[in-house]
Each structure stands twice: as C-alpha cells, then as structure tokens.
A.B. asks: 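Below: one structure in structure tokens.
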Number of protein chains: 2
Amino acid sequence: MKKQKSRKGTVTIRDVARESGFAASTVSIVLNNAPLARYIPPTTKARIQKTAKGLGYHPNIFAKSLRSKRNHTVGVILFDITDPYCTLILRGIEKSLYQESYLSILCDAHNERARFERYLEMMLERRVEGLLVLANWLYLDINVLADLERGKIPTVIIGRELESSATSSVTVDDEGGAYSAVAHLYSLGHRKIAFVRGPKALSSSKARWRGVQRFARDSRLDLDPKLVVDLPDQINLNAGVDDAFRITEELLKQKKSFTALMAYDDMTAFGALRALTKAGIKVPQECSIIGFDDVNPSHLMVPALTTVRQPMDAMGASAVSILLDGISSAAENRTVSAIHRKLPAELVIRETTQSIS
Amino acid sequence: MKKQKSRKGTVTIRDVARESGFAASTVSIVLNNAPLARYIPPTTKARIQKTAKGLGYHPNIFAKSLRSKRNHTVGVILFDITDPYCTLILRGIEKSLYQESYLSILCDAHNERARFERYLEMMLERRVEGLLVLANWLYLDINVLADLERGKIPTVIIGRELESSATSSVTVDDEGGAYSAVAHLYSLGHRKIAFVRGPKALSSSKARWRGVQRFARDSRLDLDPKLVVDLPDQINLNAGVDDAFRITEELLKQKKSFTALMAYDDMTAFGALRALTKAGIKVPQECSIIGFDDVNPSHLMVPALTTVRQPMDAMGASAVSILLDGISSAAENRTVSAIHRKLPAELVIRETTQSIS
DNA sequence: TCCCGAAGTTCGATTTAAATG
DNA sequence: GCATTTAAATCGAACTTCGGG
C-alpha cells in the first residue's frame, strides 16, 4: 500500500528512488548536484540519472517552491497592452528575463485603478519574486505607489520618474529628447513651430516641454503661446489620437500659420498628420511633423514619421537587471537603495520633416 | 521551540490557529468554507475570520498547489509580440482570463523554434493548467504540434486551422473574409484587381485565395495571373512589409495596370501603399487598397485602411472558454474531443477604397 | 575519520479519521 | 448518533542528521 506504483501520470522523486534502488534523499542529492553529491560514486549517479531520465522525471515545482520560497517568476503590470509603446518594452523585458530563465506573469490593467489593484493583489498572493510596472500613459499617483510599496517586494517602474521614491525606476531622457527634436526642426530652418503638448498630469509632458524651452533659450527661438496647445487629461489611448486630430484642426482654424509641428508623442503626431492632410496641407512639403517614442507603426506610415526614439529594448533590459539585482539582494537579506536610471533618446529622421525651402 | 512565534513576515495558518485558539484544521475548514464548515458554529467562524484578517493571513499558494495540483495559471505562447495582431488577441484573452481569476504566463518565441521549445518545456515544468498558442505568422509544422501534444495538457491554438488535430483551434473564416473583400472591390466597379497573396506555406494564404476564387467564379470576375504575386516564405514580420513594398514595385514596373489591390494582410497593404505612393499613384483616387486583419495601426493611417477585421477579441475569448472547459474536464478526468471554432470576419470600409469614377 | 547511503524533518495547507462532550 | 473540534497523514522535494562499513 505504501509501495504502490504511482497511480497518476506524474512521476515523483520516490518513483525514481524505487526504480533505481536508492533512497529518495540520495536521488535528490544527485539530481541537484548538492554538496553531498561529492561522496557519491559515479556509478550510483549514473544509475540514478538514467532512471530519472527514463521515467521522465520532472521535479514538482510547487514542492520545490514551498521550501525554497522562490519561483523564478516576476510579475509585469502594464496599463494598456494595446499601446505599441508597451509592446516594444515587453520585448526588451522578455529578452533579458529569458536569459535568466525567469518567466513572467503579464497583467493588463486597462488603465483602471481597480483592475490594477486586483492584479497587484493576485501577484502578491502568488509570491512573484519581483514586479515590473510599465507606467506609460498612466496617472500614477501616491496611492498606487503606496500599494506597490506595501507589497515589500523588489519593484521597478518603467517610464515614469520617481526620483523621490523608494521604488526604482527606468525612464528616458524626455527633456534631452525633446531638445534634440526642436533642434532638428530648427536646423531645417523652421521658426514658426506649433506644439501639441501632452496632458498636464503626465510628468513626461513637463519634462519634454522643459527640453523645448531650454532649446528656445539656447537658440533664441521664439515660442508663440498661440501655437502651443495641450492634450486634455484623460487616459484613453486611442482617444488621444482623436484629441490630437481635433486640437490640430482648431490650431489650423485660428489661422496662426506654422511650418512645423512637434507632437507630444507618435500617436499625437498621427492625429496631427490626419488633420493636416484633411486640411489639404502636404506633409512634409508644407508642414513638417515630428513625434516622440518611435512606436511600432511610425515607420510604416506614409510618409514615415520622423521621431525621437525611446530605447525601449534597453529600457526593458535595464529594468530587468535592476529588478534581478534587487531580488538577489532581498534573497540574501541585503538592503539596496532604489536606483533611478535615465536613458538617452535618439533622433530618428524619416520622411515627415523637411527643410524649409 | 515548536510554538515559536513566526519569525518571518509571512503569517501561516498555524499563526491564525494559535491566535484564535483553534486548530489549524479548523481554520482551514472555515476559511475555505469546506463541507465540514456546516457543523461549525457561526461564533467560531467569526472569530477565526476576524483573527485571520487581523493578522493579514494569506494562504501560501505553493502549499495549496502542492496538494491540489492546480494553480489557476495558463501559459500563453506567441511568436512575435511585436505583431499588432497578437496584441489585440492578447487583450481578448486577458479579459476572459481575468473574469475567471486566472493569471497567464506570457512567452514570446521570437519566431524561433528553439525558443518555442524551451518555453514550452518551462511552462510544462511549472505545470500550467492549459496552453494557449498564438500561431500567427508561424510555420507550424508537425513537430511543434507533436511537442504540444506530448505535454498532455489542454491546449488551444489561435489563428491556425488544425481540423485533423487533437488540439483545439480557433480561427477566422479566412475564405469568407477574402470573399467579402473582393466583393467590396467589385461592387465599387473594380475589375482589374491585383493580388498580393501571403506566403504559400501559410494555410490562411490558401484559404483567403480560395475565397477570392470562389467570388471570381460566382461573379465571373477575371483573375489575371499577371496580377497575382506571392509574398516569399519567410518568417520575419517586419520584412513582410518590405517584401510587400518590393513586390508591389515590381508589379508596377511591368506596366500591367490595375485599379485596386487586395493585400494578404494589413502589413502587406502598408507596404503596397508605400510603393504606390512612391510611384505617384494616389490612394484611393487612382488605386484602391484593401487589407486583412484590421490590426491596430490600420485605422491610424492616412488614409485609413479599408480592411477585413478579424474578431480578435472574440477569438481570444473563445479560445479561453474552450481552454477552461478543457481544464475542468481534465480535472474531473472526463475526456473531451478537440473543438475547432471558426469565427466570421467583418468588412471594415474606411478610406483606401473608392468607387471607380 | 572517511565514504556511502538512508531515515527523518521541514515547508504550509488540506483532508481524513477520530476524539470529545 | 449528533454536533464540534482536532490530531495525524498527505502532497513532493530538499536538507540535516545519523549509522554502518
């Protein structure tokens, strides 16, 4: 009754033990190459390994995790998987995780607070070893942050500056990127430039605008307040394109002429492009457009969008490396302070910008 | 020594037991509302629940899974997360999974066989309860399928017809969709239609072409072989756009005139649009274009792409429902035969098609 | 003491069988 | 027999300790 053949399809360490004629502990020691395995003769090892393979033995990960408290899994929470921005960062994350044999649980919060909290709860229950939060397009406020820190597990936020926080972060240099974007337009001869800024509530909106202002100061470029508009504060991604469309149309209506338009991001640029095209204004011949992000569809557009690329791949990789460091530190009971990494953006010149002729 | 206060931050069922003055088993029964809880007086229940909450008790999921062999997790393998097609299906999957409180482990195979197999192995080791495979753009052959079936866990493939297989599948009605696409062009007066077909190795290429042929027969539309070209057999997604671009240029070079172009999918349509634009041909005024999929960037294009929409959301939901059925059947040792669901596609008329004038 | 291997405990929760009044 | 509660076995692997040659 005790020596019953394994009735279910799963083969346990005891099956291997019985089949090989050794004790379960020996099998464990051999298969894990534990320190004690040093004393076990090669013949025994070979026999055990052979029967293990023969039986198709795979250690039960639950039992393993129960003891070790580790599961080689990290949680990834993002706020809209439909956003191509997320997609590219996910790719970067995945690559790094794969190398370390970590798997990830993916949660899509749909930009909803409740969903975010529910997912956070679920991942904590599952005791993921760390958390990656993709805070694109999100109005991350104190509460969410508090939730995160309540979890007490290593966490890295991507896409949102959190200098003050105890939670690590990885961001782009929004200010520098915006600076180089205006600089590009300026170098093409553009002086009357319209700006569609991002929602005020987003920190990246402010940072990008600072970049613009800094360039304006540096080069004595005149920023006409009439040519500066803001995207409304909302969180629907696709509506963002529509808003940009609407706002650009209004900009056009008031007859304030401009020869170039700098959009908050690529999505905004798409909306603007549509508005300009509808108004019969040719891009780039009559008006240049530049975006920000270099999101997937940007290079597919006709004309292809000139933009400022966020190094999404590198951001994902960087976040993972910080996270895994945090995890191993936590495992060894060392404490580490939060790390805030800011990566440079890169100007990508394509077809929507052209020198003034 | 045995009654030591829990030294770590984690609070176990025994902590709750000690604190409430009952045995661990009683606590378990109450908290899980097990059958035996019927006999337990409300006062006891209340006391236990209160202390559990007070202590912030969360059952250890590893221990739970160790016994129950369930973990409320499914694996999702896709072949290129960069593909917007995947993205929308993921959203559909996520929605349904969320409702059932399932979490998903996401794996991106990068269109590489080795990666696919490694991930499959990892998920099997983790004993995910089921598997969802997003077989877009993949040259799924017998081997991969065999791998999948070797796993012996419920599996649903999305985007690939597998009528013969023991593995369930969810697909679109490619043939019907293509039929309605040509029908749309035909109804606008187009008779000289060019076709950029998909790679021969993909079953959806064949199915879509069958739809075209069927319409041609039904309406006595002449299909000029000179206007039919194929995308090469390769698996790089972005190269697909470039290939389409190149192929359309060749089509143009040979001076065979056409008034409309039907692309294998949206990505192909983007490539074609670029080629036509470069050649100075106005879309849709001089040439209409229709795609397939209704992938995310399609509605952002200027002009917005007319296409045939795959009901990605519904496909994801459908796959999840089949999968969860499979999982509960497996849990109860019932056997179910594979289910093959085919969902209708929907014509979405936007700006790249126009009646011949 | 060295070598080889086994027995037993632990992780945390569930569930059975059994013990109280 | 009934209501109420619990000790003990179990899940599978890892690790510590122990014993025989």
Side-chain angles (χ1 to χ4, degrees), chain A residues 1-48 52 55-72 125-127, chain B residues 1-48 52 55-72 125-127:
Chain A
M1 173 192 190
K2 208 173 183 177
K3 283 272 139 109
Q4 185 180 166
K5 263 261 147 82
S6 70
R7 52 250 127 166
K8 282 302 176 82
T10 44
V11 18
T12 80
I13 198 171
R14 261 168 281 270
D15 294 324
V16 179
R18 187 166 2 84
E19 192 77 11
S20 65
F22 293 97
S25 31
T26 312
V27 175
S28 172
I29 288 165
V30 170
L31 261 27
N32 292 296
N33 207 0
L36 275 178
R38 188 161 39 104
Y39 298 125
I40 295 180
T43 52
T44 304
K45 287 187 185 175
R47 265 238 303 286
I48 289 178
L55 260 46
Y57 168 70
H58 285 288
N60 182 313
I61 207 151
F62 303 135
K64 234 180 160 119
S65 301
L66 178 55
R67 276 196 66 98
S68 67
K69 275 130 169 40
R70 304 202 52 167
N71 56 11
H72 261 231
E125 268 177 16
R126 271 159 212 247
R127 289 169 163 71
Chain B
M1 173 194 193
K2 209 174 184 176
K3 284 270 139 113
Q4 185 180 165
K5 265 261 146 85
S6 69
R7 53 246 127 168
K8 283 303 176 81
T10 43
V11 19
T12 79
I13 199 171
R14 261 169 278 269
D15 294 323
V16 179
R18 188 168 359 86
E19 192 77 11
S20 66
F22 291 97
S25 29
T26 313
V27 175
S28 172
I29 288 164
V30 170
L31 261 26
N32 292 298
N33 208 358
L36 273 179
R38 188 161 40 106
Y39 299 122
I40 295 180
T43 52
T44 304
K45 288 187 185 174
R47 264 236 305 285
I48 288 179
L55 262 45
Y57 168 71
H58 286 289
N60 182 313
I61 207 151
F62 303 136
K64 228 176 164 124
S65 301
L66 178 56
R67 276 198 67 100
S68 67
K69 276 132 167 36
R70 304 202 53 168
N71 56 9
H72 262 231
E125 268 178 16
R126 271 160 212 250
R127 288 166 163 73

A.B. asks: Do A:Val27 and A:Ser20 have side chains that get closer than 4.5 Å, going by heavy atoms?
C.D. replies: yes
A.B. asks: Any side-chain N or O of A:Asn32 less than 4.0 Å from the OP1 or OP2 oxygen of D:dA14?
C.D. replies: yes
A.B. asks: Write down the distance between CG (A:Leu36) and P (D:dA14), rounded to a whole number of angstrom.
C.D. replies: 14 Å
A.B. asks: Rounded to whole Å, how long is the line connecting atom CD1 of B:Ile40 with atom P of D:dT6?
C.D. replies: 9 Å
A.B. asks: In this structure, how many angstroms lie between the C1' atom of C:dC11 and the CD1 atom of B:Ile13, rounded?
C.D. replies: 14 Å
A.B. asks: Given C:dG12, is OP1 or OP2 found less than 4.0 Å from the side-chain N or O atoms of B:Thr12?
C.D. replies: no
A.B. asks: Return the value, rounded to whole Å, for the distance between atom CG of B:Asn71 and atom C1' of D:dC11.
C.D. replies: 15 Å
A.B. asks: Under 4.5 Å between any side-chain heavy atoms of B:Asn60 and A:Arg127, yes or no?
C.D. replies: yes
A.B. asks: Need one value for A:Ile29: base, sugar-phosphate or nothing, where a base atom within 4.0 Å counts as base even if backbone is also close, heavy atoms only.
C.D. replies: nothing
A.B. asks: For the backbone of A:Ile40 and the side chain of A:Thr44, can you confirm whether one donor and one acceptor N or O come within less than 3.5 Å of each other?
C.D. replies: no
A.B. asks: Base, sugar-phosphate, or nothing for B:Ala23, non-hydrogen atoms under 4.0 angstrom?
C.D. replies: sugar-phosphate
A.B. asks: A:Arg70 has an atom CZ; how far is it from atom C1' of C:dC11, in whole Å?
C.D. replies: 16 Å
A.B. asks: Apply salt bridge (charged side-chain N to carboxylate O under 4.0 Å, His left out) to A:Arg70 and list each qualifying residue two or more places apart in sequence or on a separate chain.
C.D. replies: A:Glu129
A.B. asks: On DNA chain D, does the nearest nucleotide to B:Thr44 precede the nearest nucleotide to A:Lys64 from the 5' side, or the other way round? Give the residue.
C.D. replies: B:Thr44
A.B. asks: Tell me if the side-chain of A:Ser25 makes a donor-acceptor pair with the base of C:dA7, cut-off 3.5 Å, by modelled atom types.
C.D. replies: yes
A.B. asks: Would you name the heavy atoms of B:Ile29 and B:Ala37 that are closest together and state the gap between them?
C.D. replies: CG2-N, 3.5 Å
A.B. asks: Is any side-chain N or O of A:Tyr57 closer than 4.0 Å to OP1 or OP2 of D:dG12?
C.D. replies: no
A.B. asks: From the list D:dG12, C:dA6, C:dG12, which nucleotide is the closest neighbour of the side chain of A:Lys69?
C.D. replies: C:dG12
A.B. asks: Could you check which of D:dT4, C:dT14, C:dC4 has an atom nearest any side-chain atom of A:Tyr39?
C.D. replies: C:dC4
A.B. asks: Please pick, from D:dG12, C:dG12, D:dT5, the nucleotide with the shortest atom-to-atom distance to any side-chain atom of B:Phe22.
C.D. replies: D:dT5
A.B. asks: Need to verify one output field. Residue with the more 5' nearest nucleotide on DNA chain D, B:Leu66 or B:Thr26?
C.D. replies: B:Thr26
A.B. asks: Which nucleotide, D:dC15, C:dG12, C:dA17, lies nearest any side-chain atom of A:Arg67?
C.D. replies: D:dC15
A.B. asks: Check the distance between D:dC15's P and A:Leu31's CG and give it to me in whole angstrom.
C.D. replies: 13 Å
A.B. asks: Rounded to whole angstrom units, what separation is found between the CZ atom of A:Arg14 and the P atom of D:dT10?
C.D. replies: 10 Å
A.B. asks: Would you kindly give the CZ-to-C1' distance between B:Phe62 and D:dT10, to the nearest whole Å?
C.D. replies: 19 Å
